[in-house]
Number of protein chains: 2
Amino acid sequence: MAVHSTAKKKGSADKRDRILRAAIKVFAKNGFYATRVSEIAKAAGVADGTIYLYFKNKDDVLITIFEDGIQQLLAILREVAASEQPFDERITRIIELQLGLLEDQRDLAEVITVNLRQSSSLLKQYAAPLFMEYIDVIAGLIRDGQKEGAFRKDINSRVVARSLFGALDAILLTWALGEADPPSLRKAASHCASLFLEGLRVR
Amino acid sequence: MAVHSTAKKKGSADKRDRILRAAIKVFAKNGFYATRVSEIAKAAGVADGTIYLYFKNKDDVLITIFEDGIQQLLAILREVAASEQPFDERITRIIELQLGLLEDQRDLAEVITVNLRQSSSLLKQYAAPLFMEYIDVIAGLIRDGQKEGAFRKDINSRVVARSLFGALDAILLTWALGEADPPSLRKAASHCASLFLEGLRVR
DNA sequence: GCCGGCTGAATGGCGGTTCATTCAACAGCC
DNA sequence: GGCTGTTGAATGAACCGCCATTCAGCCGGC
């Protein structure tokens with residue numbers, strides 16, 4: 001057997017990926033609830049039942065996509081937040097990376113931003129902690145900047161973090177839903193960065 | 001005769017309201033898709049079938065809630081945007097009004113922010129235009145401010161508008177989902193206003 | 001020929017919607 | 001004012017289509 005390298009209880013890891021990628025595509029187009037499991041299967045070139053060899057159920061597929069995406073984002077975020085660059089630089093990089101990461105993954109962007117809100121209590125359970133973790137990383141960076149005098153101190157760091165998150169989310173949403181092209185996204189990112197940096201400047 | 005004052009084609013307008021209010025409550029708690037029509041009926045103290053006397057179907061209930069809420073918001077927005085106050089003042093007022101309006105309506109806030117994203121193509125159809133209208137009003141105000149030299153001109157007004165919307169949305173979301181008390185919401189509003197105003201200042 | 005991954009038709013139940021029935025309110029009539 | 005016929009809002013049990021999930025078989029590799 002020598003099952004290549006990837007650990008696996010059963011089935012090829014490749015098939016699992018095919019399913020996930022297909023699911024992202026279909027969820028993005030139709031939304032979670034309107035998506036039939038059979039559609040995911042068809043898009044993945046797989047039988048309906050096969051999905052249940054790799055995932056507990058339909059919810060599990062969405063949760064997996066969501067967690068993977070956020071974890072990816074969190075990893076980058078933490079790295080940048082902890083870097084030794086000037087604070088302004090770090091904020092800018094976070095914004096650019098975050099929007100850039102999803103730039104060639106419209107579908108993933110849409111699944112995350114759109115389906116984050118599908119609030120079956122089940123998903124709320126999963127989304128809330130990750131969301132908080134996310135906010136915490138940014139808020140921590142802001143707070144550090146305030147402590148070191150790089151940012152004004154008269155604004156609550158968590159409010160800034162939430163605002164920044166929301167702003168990026170909204171930009172991403174209109175980009176994902178609309179016709180906007182990648183260049184416009186990058187331009188939006190730099191405008192957004194400038195807006196927040198000026199807003200945070202000590203005067 | 002003399003049916004009090006409210007016009008009515010059929011049924012009491014009061015009953016329609018009861019249903020809407022109940023639906024807001026239940027949608028907020030469980031999300032649209034997880035909500036059973038029978039739950040709305042029970043919460044409204046009404047039979048299942050009665051709901052179909054006032055609404056075409058379940059979607060129609062959500063759409064009505066959503067449209068009413070946004071229209072309410074848009075009306076206020078337009079008024080403030082067109083007022084003769086200084087631009088800074090107008091922005092601040094918009095932020096405060098918007099958050100304040102929903103302060104004592106947690107459930108409505110949650111339904112709007114959370115279910116805005118439920119992307120059955122049907123709802124996308126309804127949500128997108130209203131969302132755009134909303135963005136347009138804010139973007140218009142920013143653009144006017146830029147033209148008159150109140151705000152810096154090197155930032156795209158639509159990007160600012162989207163960012164502001166997203167920021168408010170995120171603040172509202174954490175407030176609606178979390179335990180935060182009203183005072184904290186008002187404080188968040190003023191911090192957010194300050195952040196954006198400084199960010200927009202001409203230098 | 002045996003094992004395990006895979007298949008996809010069959011199933012079961014779930015829940016939005018319908019509609020036959022009820023009955024309170026009202027108008028016309030005496 | 002009482003009696004009666006009519007209306008249509010309200011009801012809620014039943015219906016029916018849909019779709020997530022299952023599982024009895026089917027390969028294909030060893």
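Below, chains carry the letters A, B, ... as their sequence lines are ordered, and counting in each starts from 1. Owing to the predicted nature of the structure, the values given are computational and were not obtained by experimental measurement.
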Separation of atom CD in B/Glu39 from atom P in D/dG12, rounded to whole Å
17 Å
Euclidean distance, atom CD1 of residue A/Ile19 to atom P of C/dG5 [Å, nearest integer]:
14 Å
Spacing of OG belonging to B/Ser163 relative to CZ belonging to A/Phe196, to within rounding of 0.5 Å:
6.0 Å
How would nucleotides 18-25 of chain D be written as a contact map, 5' to 3', with B for base contact, S for sugar-phosphate-only contact and - for no contact, using protein heavy atoms under 4.0 Å?
-SSBB---
Quick test of your reading: applying side-chain hydrogen bond (donor to acceptor under 3.5 Å, both in side chains), list the pairs with at least one residue in residues 61-74 of chain A, sequence neighbours left out, ordered by first then second residue.
none
Mind checking ring pair (Phe, Tyr, Trp, His ring centres under 6.0 Å) for B/Phe55 and listing every partner two or more places apart, or none if nothing turns up?
none
Round to a whole Å and report the spacing from CG of B/Leu53 to P of C/dT18.
11 Å
Got a sec, which residues hit side chain to side chain donor-acceptor pair (under 3.5 Å) with B/Arg93, two or more places apart in sequence or on another chain?
none
For A/Ile40 and C/dT7, what is the distance between atoms CD1 and P respectively, to the nearest whole Å?
15 Å
How many Å lie between NZ on B/Lys42 and C1' on C/dG15, as a whole number?
15 Å
Short side-chain N/O contact from A/Lys15 to OP1 or OP2 of C/dG5, under 4.0 Å:
no
Results of salt bridge (Lys or Arg N to Asp or Glu O under 4.0 Å) for B/Glu79 - residues two or more places apart only
none
Going by the side-chain hydrogen bond (donor to acceptor under 3.5 Å, both in side chains) test, which pairs reach into residues 188-198 of chain A, not counting sequence neighbours?
A/Ser194-B/Arg152, A/Glu198-A/Arg201, A/Glu198-B/Arg203
